[in-house]
Amino acid sequence: DAPIVERALRTPGFEGDSSTSRGYWYNFLHAQSIRGSVFFDMFINFLVVGTTITFALDTLDDLPSKWNTSFDLFEFVAVVIFTVEYALRVYSAAEDPKFV
């Protein structure tokens, strides 16, 4: 018998208990059932594209140094946001019965 492979990253249709912190973050980040969650997801995608572009532009030698400083600041802020988002995803994943 081959093992069953589940393709979904989360339990389809499941929403956490929004009265708890973990449930709120689960619904915001995973289920995207809370106002603003889709916008936040698009914002994270923007940061991914933005850091890719700044990383590529940072390799050019003939850009003014103030641009490189701006790129470094943008990348630092993006990494802080990515880290907080990842930590909240790990924290809230335990709300899904699949991961308990």
Chemist: F14 versus E95: any side-chain heavy-atom pair under 4.5 Å?
Modeler: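 Yes, side chains in contact.
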Chemist: Over all heavy atoms of both residues, which pair between A56 and T59 is shortest? Give the atoms and the distance, please.
Modeler: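 Smallest interatomic distance, heavy atoms only, reads O-OG1, 2.5 Å.
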Chemist: Side chains of W67 and L57, heavy atoms from C-beta outward: is any pair under 4.5 Å?
Modeler: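 No, too far: nothing below the 4.5 Å cut-off.
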Chemist: Does I34 share a hydrophobic cluster with V84, counting links as ILVMFWY side-chain heavy atoms below 4.5 Å and allowing steps through other members?
Modeler: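 In one cluster: yes.
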Chemist: Quick one: does D58's side chain get under 4.5 Å of D72's, heavy atoms only?
Modeler: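 Counting from C-beta outward, D58 and D72 do come under 4.5 Å.
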Chemist: Working to the nearest 0.5 angstrom, can you tell me the gap between L60 CG and N68 CG?
Modeler: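 Atom-to-atom, L60:CG and N68:CG are 8.5 Å apart.
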Chemist: For the pair F43 and F39, name the ring-plane relationship: parallel under 30°, tilted 30 to 60°, perpendicular over 60°.
Modeler: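 Judged by the thresholds at 30° and 60°, the geometry between F43 and F39 is parallel.
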Chemist: If every non-hydrogen atom of T51 is compared with every non-hydrogen atom of E75, which pair is closest and at what distance?
Modeler: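 In this case the closest contact between T51 and E75 is O-OE2, 4.2 Å.
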Chemist: For residues V77 and L47: do they belong to one hydrophobic cluster (side chain heavy atoms under 4.5 Å, members Ile, Leu, Val, Met, Phe, Trp, Tyr)?
Modeler: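 Yes; tracing contacts between hydrophobic side chains, which count when under 4.5 Å, links both residues.
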Chemist: If we only count heavy atoms from C-beta on, is the F55 to T52 side-chain gap below 4.5 Å?
Modeler: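 SC-SC contact between F55 and T52 ruled out.
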Chemist: Tell me, do I44 and I81 make a side-chain contact under 4.5 Å, heavy atoms counted?
Modeler: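 A side-chain contact under 4.5 Å exists here.
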Chemist: Honestly curious: do Y26 and L88 fall in one hydrophobic cluster under the side-chain, below-4.5 Å linking rule?
Modeler: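 Cluster IDs for Y26 and L88 differ.
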Chemist: Which heavy-atom pair separates N27 from G16 by the least distance, and what is that distance?
Modeler: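 Smallest interatomic distance, heavy atoms only, reads OD1-N, 2.7 Å.
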Chemist: Return the orientation label for the F46 and F74 ring planes: parallel under 30°, perpendicular over 60°, tilted otherwise.
Modeler: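 Because their plane-to-plane angle is over 60°, the rings of F46 and F74 count as perpendicular.
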Chemist: List the steps, then state whether side-chain contact (heavy atoms from CB on, under 4.5 Å) holds for T83 with V79.
Modeler: CA-CA 6 Å; T83 303; V79 166; 4.1 Å; yes
Chemist: Between F82 and V48, is any pair of side-chain heavy atoms under 4.5 Å apart?
Modeler: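 Contact flag for F82/V48 side chains = yes.
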Chemist: Below 4.5 Å, heavy atoms only, C-beta onward: do F40 and E85 meet side chain to side chain?
Modeler: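 They are in side-chain contact.
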Chemist: Measuring from R89:CZ to W25:CH2, what's the distance to the nearest 0.5 Å?
Modeler: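 R89 CZ to W25 CH2: 11.0 Å, rounded to 0.5 Å.
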Chemist: In Å, rounded to the nearest 0.5 Å, how long is the span from CG of D41 to CZ of F28?
Modeler: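 CZ of F28 is found 9.0 Å from CG of D41.
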